[in-house]
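Written out below as structure tokens is the structure these notes cover.
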Amino acid sequence: MNIDHVTLRTADLEQTRTFLETVLGLKVGYRPAFSFPGYWLYEGDDPIVHLIPGEGRTVGRDAEAIDHAGFRLGDYDGTRTKLDALAIRYQTMDLADLNERRLFIHTPGGILLELVFRESALKQP
């Protein structure tokens, strides 16, 4: 089983769309004519992120909710360089036992995204 897509609610559709296009390289594509605004953002032929309007209320960490969405990417160093150039703050996590590196960022509305990079090998500390 694979996850088909993630739907993100945001108070600012345009700013969040631009952020995801710029940072993740997603592209706006076909979306059915729903009765409410939104975007489907594609990776290739797959609409993996659906953006819909939200009221901008924050969700408390003690609420039952999805904590974050994770995306597997390539080019860890290039992504860090891009985030630095865009002045997007991030936190790092290296998981040498999984040969993975992770960057954690927030969308303009505060949604936590985890960017996962599979490395051929990470050096043990």
Side-chain angles (χ1 to χ4, degrees):
M1 177 186 327
N2 292 317
I3 292 176
D4 184 72
H5 70 275
V6 60
T7 298
L8 305 178
R9 288 189 181 273
T10 178
D12 191 332
L13 285 172
E14 298 305 320
Q15 189 176 18
T16 303
R17 175 192 55 82
T18 299
F19 180 87
L20 294 172
E21 287 175 320
T22 302
V23 174
L24 299 182
L26 300 176
K27 303 291 183 205
V28 172
Y30 171 77
R31 178 179 179 264
F34 295 116
S35 62
F36 54 90
Y39 292 104
W40 282 11
L41 301 175
Y42 285 69
E43 169 66 25
D45 294 331
D46 300 315
I48 63 169
V49 176
H50 298 180
L51 292 180
I52 60 174
E55 296 179 18
R57 286 182 268 146
T58 58
V59 176
R61 298 301 275 173
D62 58 345
E64 187 169 330
I66 293 174
D67 182 74
H68 67 276
F71 298 92
R72 186 170 303 278
L73 301 171
D75 193 10
Y76 176 83
D77 292 329
T79 301
R80 283 190 67 169
T81 298
K82 179 191 290 186
L83 295 175
D84 289 338
L86 295 168
I88 296 172
R89 294 175 47 176
Y90 56 87
Q91 293 178 312
T92 63
M93 177 187 291
D94 290 349
L95 299 172
D97 54 329
L98 297 177
N99 292 329
E100 290 182 351
R101 303 177 99 177
R102 296 164 188 238
L103 299 173
F104 295 88
I105 61 174
H106 287 89
T107 67
I111 298 169
L112 178 62
L113 302 179
E114 179 178 354
L115 311 181
V116 180
F117 303 84
R118 174 96 12 101
E119 303 287 325
S120 58
L122 292 179
K123 294 179 182 169
Q124 296 285 346

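Remember, predicted model here, so these are calculated numbers, not experimental data. This chain uses plain numbering: 1 for the first residue, then up along the sequence.
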Show me the donor-acceptor pairs, under 3.5 Å and distance only, between side chains in residues 41-50 and residues at least two apart or in other chains.
{"from": "Y42", "atom 1": "OH", "to": "Y30", "atom 2": "O", "distance (Å)": "2.8"}
{"from": "H50", "atom 1": "ND1", "to": "H5", "atom 2": "NE2", "distance (Å)": "3.3"}
{"from": "H50", "atom 1": "ND1", "to": "W40", "atom 2": "NE1", "distance (Å)": "3.4"}

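- Geometric assessment of R31 against the ring of F36 yields a positive cation-pi assignment under the 6.0 Å and 45° thresholds.
- More than 12 heavy atoms of other residues, nucleotides or ligands sit less than 6.0 Å from atom CD of E21.
- V23 and K82 make their closest contact through O-NZ, 3.5 Å (heavy atoms, listed as atom of the first residue, atom of the second, distance).
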| request: For side-chain contact (heavy atoms from CB on, under 4.5 Å), just list the numbers for Y76 and L103, CA-CA rounded to whole Å, side-chain angles, deciding distance to a tenth of an Å, and then say yes or no. | output: CA-CA 9 Å; Y76 176 83; L103 299 173; 3.7 Å; yes
| task | Go through R118 and R72 one step at a time and tell me if the side-chain contact (heavy atoms from CB on, under 4.5 Å) criterion holds. | result | CA-CA 8 Å; R118 174 96 12 101; R72 186 170 303 278; 3.1 Å; yes
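- Around CD1 of I66, the count of heavy atoms belonging to other residues, nucleotides or ligands within 6.0 Å does not exceed 12.
- Scanning all heavy atoms of the two residues, the minimum distance from R89 to I105 falls at O-CG2, 3.8 Å.
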| Trace of the side-chain contact (heavy atoms from CB on, under 4.5 Å) decision for N2 with D4 | CA-CA 6 Å; N2 292 317; D4 184 72; over 6 Å; no
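- Cluster annotation: F104 and V6 are assigned to distinct hydrophobic clusters (Ile/Leu/Val/Met/Phe/Trp/Tyr, side-chain heavy-atom contacts under 4.5 Å, transitive).
- Looking at heavy atoms from C-beta onward, E119 lies out of side-chain contact with E100 at the 4.5 angstrom threshold.
- Note that the CD atom of Q15 and the CG atom of L20 stand 11.0 Å from one another [nearest 0.5 Å].
- Under the 4.5 Å side-chain criterion, counting only non-hydrogen atoms from C-beta, T92 is in contact with R80.
- No option in L8, L51, T18 other than L51 meets the side-chain contact (heavy atoms from CB on, under 4.5 Å) test with L13.
- Contact annotation: the side chain of E14 approaches that of Y39 to within less than 4.5 Å [non-hydrogen atoms, C-beta and beyond].
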Under 3.5 Å, which donor-acceptor pairs link side chains of residues 107-117 to any protein atom two or more places apart or in another chain?
{"from": "T107", "atom 1": "OG1", "to": "G109", "atom 2": "N", "distance (Å)": "3.4"}
{"from": "T107", "atom 1": "OG1", "to": "G110", "atom 2": "N", "distance (Å)": "3.4"}
{"from": "T107", "atom 1": "OG1", "to": "I111", "atom 2": "N", "distance (Å)": "3.0"}
{"from": "E114", "atom 1": "OE1", "to": "H68", "atom 2": "NE2", "distance (Å)": "2.7"}
{"from": "E114", "atom 1": "OE2", "to": "R102", "atom 2": "NH1", "distance (Å)": "2.3"}

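- In this structure, D97 CG and L95 CG are separated by 6.0 Å, a value rounded to the nearest 0.5 Å.
- When side chains are defined from C-beta on, F19 counts as touching I88, because their heavy atoms get closer than 4.5 Å.
- Heavy-atom minimum distance, P53 versus P37: CD-O, 3.1 Å.
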